[in-house]
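When a ligand or atom number is given, it counts from 1 through the structure's own listing order.
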Amino acid sequence: MNIPITKPFLGPEEEAAAAAVIRSGWVSQGPKVQEFEEKFAAYVGASYAVATTSCTTALHAALAVSGIGPGDEVVVPSLSFIATANAVVHAGATPVFADIDPDTCNVTAGTVEKMITRKTKAVMPVHQMGLPVDLDPMIDLCRRHNLLLIEDAACAIGSEYKGKRIGGHGNIACFSFHPRKIITTGEGGMITTNDFSMAGKLRRFRHHGMSVSDAERHAADRVIIETYPEIGYNYRMTDIQAAIGIEQLKKLGTIIDLRREAAGKYDQAFEGNHFLRVPHVPDGIFHNYQSYWIEILPSAPLTRDELMDMMLKKGISTRRGIMAIHLEQCYRRDALSLPMTERITGNTVLLPIYPAMNEAELVAVVQEIRNLLPA
Ligand SMILES: *Cc1c(COP(=O)(O)O)cnc(C)c1O
């Protein structure tokens, strides 16, 4: 047995689409990026989508064009991949860490509100592992305190909050196409918004602050001399990546169905095991199961790390639960204590889950956990 933690769902369709772009002679940001953006916006139900090189650069762009910078604070979860906080630092602002609800592993309006100060300009909740944050109270909180709501939706493509897909609830949402996420373009990101002026600012920011795109200039029947009203970055996706992304979007429904099916089997297999706890999905939430975690409870005969070690010896890859950013050296502040975040990061483990996972692989994971945690 050799069971990976994840496996991208790529096939001959993506191969052919990438080859067609290479043959076309236009490989940088162009018609395929535009097509991918339009299809992505339509899929999530947002007015505009802007492609970037990653979710990290998407988050940085979102903060920068919102005017968030030195002296400003942005409330984020500590229980997240480090890029969430890094993006705030790259914008020149200060990340302030909020604790989570251990049932969902997400920040709530309650945990965020405790961290709001006069310097707070935005809240950047994470739909952790694809499970949407309880957005209605978060939107209400942001309105009351006049804060921007920027969603780190890196893992949340296709997940729904109260019947509506993630991507159009807050002011801005940022997605990732890293292979660990739901669909992939190798590397890549996408920003969605319903704000026309914000979309324009984001398009210029990812293109060196330039007033026109390469495609517009190429298509023009007269000479266009570009201008640079603001300073930007090169955060452009390539047309090769976008062509792969367009094919991945076609498979997204199947990918999510297969992930949910595997998660359902895990839920069933672990039901009643009093050495562990499985994810809780609140009412009104449709979960894409970007990751599936279990919490090893204090009564268990072995620790999380021992369990991971034993599983690896059997050829089954697992990962520790989501990291806690405030415990990393580069962010450590002695005074800060986030009890729920510390409990979840220390005791949870991510199990293998991917669309092509077969029955034998799933049974092997379940059997091994039952052997180690015989409840
Ligand atoms: C993966 C991830 C990111 C970073 O995405 P990249 O596309 O790799 O930059 C940011 N935030 C969260 C919550 C993530 O899981």
Side-chain angles (χ1 to χ4, degrees), residues 5-6 8 33 36-37 40 49-64 74-91 95 97-98 100 104-107 112 122-133 135 138 149-159 166-167 169-170 172-192 202 206 233-238 241-242 244-245 248 259 279 287-293 319-326 328 330-331 341 344-345 348 350 353-354:
I5 185 78
T6 193
V33 167
F36 187 32
E37 289 174 340
F40 194 93
V50 179
T52 59
T53 50
S54 70
C55 183
T56 308
T57 56
L59 292 167
H60 176 218
L63 290 160
V74 180
V75 181
V76 299
S78 164
L79 192 89
S80 186
F81 183 54
I82 198 160
T84 305
N86 288 352
V88 177
V89 173
H90 292 321
F97 298 114
I100 51 154
T104 58
C105 296
N106 279 333
V107 290
V112 167
V123 179
M124 212 162 83
V126 176
H127 304 298
Q128 196 48 265
M129 297 176 276
L131 181 80
V133 164
L135 280 165
M138 199 66 80
L149 179 55
I150 300 174
E151 298 163 74
D152 181 341
C155 306
I157 302 169
S159 288
I166 295 301
H169 295 272
I172 300 179
C174 299
F175 296 86
S176 172
F177 305 124
H178 183 272
R180 271 294 286 280
K181 311 301 158 86
I182 297 283
I183 58 171
T184 188
T185 58
E187 297 280 359
M190 192 71 83
I191 312 170
T192 58
L202 289 164
R206 62 125 183 237
Y233 277 82
N234 174 1
Y235 281 171
R236 290 178 308 236
M237 179 181 273
T238 68
Q241 292 169 301
I244 295 169
Q248 288 272 279
R259 285 181 166 278
H287 189 1
N288 67 8
Y289 284 99
Q290 182 269 334
S291 289
Y292 186 95
W293 55 269
R319 292 289 182 273
R320 66 156 171 168
I322 303 300
M323 64 182 293
I325 304 173
H326 78 287
E328 289 301 318
C330 55
Y331 283 101
T341 297
I344 293 296
T345 197
T348 56
L350 309 185
I353 189 164
Y354 43 91

Report summary line: Between Ile344 and Cys105 the two heavy atoms that sit nearest each other are CG2-SG, 3.7 Å

Query raised in the report: For ligand 1, is Ser80 a contact, meaning one of its heavy atoms is under 4.0 Å away?
Result: yes

Query raised in the report: Going by distance only, is there an N or O of Ser176 that falls short of 3.5 Å from an N or O of ligand 1?
Result: yes

Query raised in the report: If you round to the nearest 0.5 Å, how far is OG1 of Thr52 from OH of Tyr233?
Result: 14.0 Å

Query raised in the report: Looking at ligand 1, does any of its N/O atoms fall within less than 3.5 Å of an N/O of Ala154?
Result: no

**Report entry** Nearest neighbour in protein (non-hydrogen) for atom 2 (C) of ligand 1
**Finding:** Lys181 NZ, 2.5 Å

Report task. For the residue pair Phe177 and Phe36, categorise the inter-ring angle as parallel (less than 30°), tilted (30 to 60°) or perpendicular (more than 60°). Result -> tilted

Query - Asp152 N/O under 3.5 Å from ligand 1 N/O - result: yes

Report task. Output the list of atoms in ligand 1 that are nearer than 4.0 Å to some heavy atom of Cys155, sorted by atom number. Result -> 15 (O)

Requested in this report: Identify the heavy atoms of Val133 and Pro125 that sit nearest to each other, and give their distance.
Outcome: CG2-CB, 4.0 Å

Query - Test side-chain contact (heavy atoms from CB on, under 4.5 Å) applied to Ala324 - qualifying residues, sequence neighbours left out - result: Ser78, His326, Leu327, Thr341, Thr345

Requested in this report: Below 4.0 angstrom from a heavy atom of Val126, which ligand 1 atoms are there? Numbered from 1 as shown, please.
Outcome: 13 (C)

Query raised in the report: Looking at atom 5 (O) of ligand 1, what's its closest protein heavy atom, distance included?
Result: Cys55 CB, 3.3 Å

**Report entry** Which residues share a side chain to side chain donor-acceptor pair (under 3.5 Å) with Thr57, sequence neighbours left out
**Finding:** Thr53, Ser54

Report summary line: In ligand 1, the atoms that come under 4.0 Å of a heavy atom of Ser54 are 7 (O), 9 (O)

Query raised in the report: Of the protein's non-hydrogen atoms, which lies at the shortest distance from atom 4 (C) of ligand 1, and what is that distance?
Result: Thr56 OG1, 3.7 Å

Query raised in the report: Between atom CD of Gln128 and atom CG of Asp152, what is the distance when rounded to the nearest 0.5 Å?
Result: 8.0 Å

